[in-house]
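First the structure, then my questions, so here it is.
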Amino acid sequence: MKALDELTFDNRFARLGDAFSTHVLPEPLDEPRLVVASKAAMALLDLDPAVAETSVFAELFGGHKLWAEAEPRAMVYSGHQFGGYTPQLGDGRGLLLGEVYNEAGEHWDLHLKGAGMTPYSRMGDGRAVLRSSIREFLASEALHALGIPTSRALCVIGSSTPVWREKQERGAMVLRLAHSHIRFGHFEYFYYTKKSEQQAELAEHVLNLHYPECREQPEPYLAMFREIVERNAEMIAKWQAYGFCHGVMNTDNMSILGITFDFGPFAFLDDFDAHFICNHSDHEGRYSFSNQVPIGQWNLSALAQALTPFISVDALKEALGLYLPLYQAHYLDLMRRRLGLTTAEDADQQLVERLLKLMQNSGVDYTLFLRHLGDEPAALAVARLRDDFVDLAGFDAWAEQYKARVARDGDYTQEQRRERMHAVNPLYILRNYLAQNAIAAAESGDYSEVRRLHDVLTRPFEEQAGMEQYAQRPPDWGKHLEISCSS
Ligand code: AMP
Ligand code: MG
């Protein structure tokens, strides 16, 4: 266990120099205070969880203090936003404080979001509000607990600093952890500005630090791109299987590591809705729930274009061709497991699709249906869940097909079935209304709810005594919350 001043830095990205990032100091928040910290994320840095309660912790992550070895940098990148290319973006309000390596030898970027203006702030104020910082914190830690690759969050620091959005709010900072903060948009920036020397340096940096095994391949860059395609296919399959809607899949928000990254107006589905759009400024539904699958491929094509100096177009196309079949295989595998199936049959895809269509038409709660399907033997479970459906004849036909499929699946006890299904079907997910309750309390200075919700979400598969209220469908007021896109 380490104290805060015992972290070991090795700032590899900063060493790439000024063509890649700019030195900027964090702008401190007034009266910084701890809102919530993740013990699990602290453990990644070998930090003693007790240090979260110290004033130095709030000062460090509220922008007041800095380690002598930290080298705060704002990174430059660009990206395709809603399909159109923006030639220059960059860290407009976040700073890469430095890279820390832990006792296991893993490197973690410390990224402080809401740390003030940078050369890339454009029209923004460099700040993040408490509301969006809490949402990013909860989402990162909740996705991780579900087994979905994601950036992590160490803590949220609140303050008395006023920040203007639609109304006056308070500034906050979230300390994000990831093995890298390099985005698809980094490659696009150097490609479209024709800075070929720096682009080669960036590619070498990513290959050496994050995809070293690809060095062994005859074409290391191609192997790296293939790996990125594979990781994206798997990540998006997990989003779709667990009902996660990212909301802003611009290429500047896509991590080169294939992890969920840069949380904005994200949402987990309550009722199943393939057409759900969580981002209210996404008028055409470009990033609707079901569009995430083709958009994943579109984004990879944008990255491929930026890699044409290193890899032949034919090879890139071939690698891109891996995406959809891999996505489908991962998705179907996850959905089979969520349905409690241990074997594969050709008709399983249709079984899943029919269920989703029925849920869509009846507005059935996606998470709770799958959780309760494992509570009891298949015949009893479907009989109990039947009441949630409007098209009873349709549901009965599906239930017959499902029961027959379960009967063919294997010889196991209900106890085994329940255990297996509950291990992949969460009881607790980060519903928008739950986040909203925690945010409302935190905005009035009470952080107990955000801490409790975080705690519940770190063990989503485990029934927790006294936490029934977190495993309910949303109340009417919480069903169609408009989550502000300003953050
Ligand atoms: P996002 O939609 O949060 O991924 O942000 C897109 C771009 O806008 C990034 O370059 C951000 O750094 C920048 N940005 C977002 N909000 C602000 C803000 N309040 N101040 C400065 N830059 C911002
Ligand atoms: Mg972003």
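Start at 1 and go down the list; that is how both ligands and their atoms are numbered.
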Among R165, R93, K113, which residue satisfies the side chain to side chain donor-acceptor pair (under 3.5 Å) criterion with S487? R93
Mark up the atoms of ligand 1 that fall under 4.0 Å of a heavy atom belonging to R165, in ascending order. 19 (N)
Can you tell me if, anywhere in N253, an N/O/S atom lies at a distance from the Mg ion (ligand 2) that is smaller than 2.8 Å? yes
Going by a strict under-4.0 Å cutoff (protein heavy atoms only), does atom 10 (O) of ligand 1 have a neighbour on the protein? yes
Ligand 1 and D125, any nitrogen or oxygen pair closer than 3.5 angstrom? yes
Against F190, only a single residue in F20, F184, Y77 fulfils ring pair (Phe, Tyr, Trp, His ring centres under 6.0 Å); can you say which? F20
So for ligand 1, is Q81 a polar contact partner (N or O within less than 3.5 Å, distance only)? no
Atom 7 (C) of ligand 1: closest protein heavy atom, distance to 0.1 Å, is R122 NH2, 3.4 Å
I'd like to know if atom 1 (P) of ligand 1 has any protein heavy atom within a distance of less than 4.0 Å. no
Does ligand 1 have an atom that lies less than 4.0 angstrom from a heavy atom of G126? yes
So, for Y287 and H246, is the gap between ring centers shorter than 6.0 Å? no
Which of parallel (below 30°), tilted (30 to 60°) and perpendicular (above 60°) describes F263 and F266? perpendicular
Going by atom types alone, do E71 and H23 pair a side-chain donor with an acceptor below 3.5 Å? no
Any heavy atom of V248 closer to ligand 1 than 4.0 angstrom? no
